[in-house]
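So that the names make sense, note that chain A is the first sequence line, chain B the second, and so on, each numbered from 1. Not measured: the values here are computed from a predicted model.
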Protein chains: 2
Amino acid sequence: MSRPWALDYDTATCTVGATLSIVGEKWTFLVLREAFNGVRRFDDMQRRTGAPRQVLSSRLARLVAEGVLRKTPYREPGQRPRSEYRLSEKGMDLYPVIISLLAWGDKYAAPPGGPPVLLTHRDCGAAAGLQLACADGHVLTSARDVTPLPGPGARRVA
Amino acid sequence: MSRPWALDYDTATCTVGATLSIVGEKWTFLVLREAFNGVRRFDDMQRRTGAPRQVLSSRLARLVAEGVLRKTPYREPGQRPRSEYRLSEKGMDLYPVIISLLAWGDKYAAPPGGPPVLLTHRDCGAAAGLQLACADGHVLTSARDVTPLPGPGARRVA
DNA sequence: TTGCTAAGTCTGTCAACTAGACCTAGCCTC
DNA sequence: GAGGCTAGGTCTAGTTGACAGACTTAGCAA
């Protein structure tokens with residue numbers, strides 16, 4: 001195989017790295033998983049992710065600062081006011097990341113009984129998942145069908 | 001909103017967590033990004049990811065142990081034998097994870113000039129990306145269109 | 001007044017990351 | 001065949017971050 005073109009370009013601007021600098025820390029993905037499952041309270045998050053309280057606190061604060069979660073006060077009848085963490089649109093857009101982690105795990109690391117979570121289309125109930133497709137409507141079945149090319153923001157290595 | 005069903009189920013078996021325990025460490029995603037860009041050599045990886053050599057060494061070893069990468073010796077004419085790291089099928093299946101991180105970064109954290117990398121369909125050249133669809137062929141446009149349900153491997157919390 | 005709970009913060013310990021130097025095997029040149 | 005070069009690591013010491021467990025605070029309830 002020939003030398004990959006990628007070696008001629010700088011990685012400093014790569015948006016994978018940019019994404020990871022925001023959500024790439026150890027517990028953040030688990031926090032997001034719970035958020036997508038509808039979990040909104042600190043204590044539920046803490047119990048379900050197993051993250052140390054202090055770490056959870058700092059991850060939630062980071063996600064709020066980045067606009068991925070919104071922290072809003074709410075109050076149940078007869079209860080004192082509490083805080084809840086809800087996904088913003090920016091956070092919702094991270095769903096494909098969680099789904100792709102889930103899909104890989106279901107294929108390669110599912111427990112004996114099968115996957116513990118199934119994703120379904122809200123309207124028709126059929127199983128939902130990610131598909132790799134191109135703008136012309138072809139469905140791609142493998143990473144080999146994709147050719148990465150330098151984009152407008154690419155910078156050559158000096 | 002009602003109490004999410006997720007609270008009644010155990011997270012210990014969740015395959016998102018299982019996936020993250022294999023590939024969730026800080027530099028691993030960047031290593032995979034480079035692998036998908038065709039980078040195979042230790043030194044190229046090191047230079048492009050910026051990972052400390054020792055960390056890179058241990059991440060590569062972990063990925064090889066998990067069967068995500070294969071370490072194979074090769075030899076260029078007139079050179080001594082070297083090692084290269086190539087994605088296995090199991091590794092190729094992680095491509096959606098990288099693509100989804102890339103897509104989110106392109107939307108929310110792209111550098112001024114635009115995305116540095118474009119993904120294209122190898123056969124037709126059109127832009128490629130992930131879409132959320134259900135088994136009945138409906139395209140889903142938002143995380144809100146997905147309903148997660150307990151799967152066969154779900155375990156109730158005691 | 002005391003107790004309870006959600007949502008944190010504080011403290012000490014221990015593991016992980018980091019930078020930078022060092023090592024090693026094969027090849028090349030002299 | 002001595003020395004240098006390079007890919008692919010390992011070693012060491014210092015710093016940061018994770019962790020468990022105790023403590024804190026605000027509002028409500030008995």
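- To the nearest angstrom, C1' of D:dG27 lies 9 Å from CZ of A:Arg82.
- Between B:Thr15 and A:Ala110, the shortest heavy-atom contact is CG2-CA, 3.8 Å.
- Residue B:Phe42 has its side chain nearest to D:dG8 when only C:dT18, C:dA7, D:dG8 are considered.
- With salt bridges taken as basic N to acidic carboxylate O contacts below 4.0 Å, one links A:Arg47 and A:Asp44.
- Between A:Lys26 and the phosphate of C:dC17, there is no side-chain N or O to OP1/OP2 separation shorter than 4.0 Å.
- For B:Arg41, the listed nucleotide lying nearest its side chain is D:dG8; candidates were D:dG8, D:dC19, D:dG9.
- DNA chain D is contacted by both B:Asp43 and B:Gln54; B:Asp43 maps to the nucleotide lying nearer its 5′ end (nearest heavy atom per residue).
- At whole-Å resolution of the value, CZ in B:Arg53 and P in D:dA7 are 9 Å apart.
- A salt bridge links B:Arg86 to B:Glu84: one of the charged nitrogens lies within less than 4.0 Å of a carboxylate oxygen.
- The side chain of B:Ser57 contributes no N or O atom lying less than 4.0 Å from OP1 or OP2 of D:dG8.
- Put simply, CG on B:Leu56 is 8 Å from P on D:dG9, counting in whole angstrom units.
- Taking only side-chain nitrogens and oxygens, B:Tyr85 never comes nearer than 4.0 Å to OP1 or OP2 of D:dA7.
- Remark: B:Arg70 does not engage B:Glu89 in a salt bridge, criterion side-chain N to carboxylate O under 4.0 Å.
- Between A:Gln46 atom CD and C:dT5 atom C1' there is a gap of 14 Å when expressed in whole angstrom units.
- Rounded to an integer number of Å, the gap from CG of B:Leu60 to C1' of D:dA7 is 13 Å.
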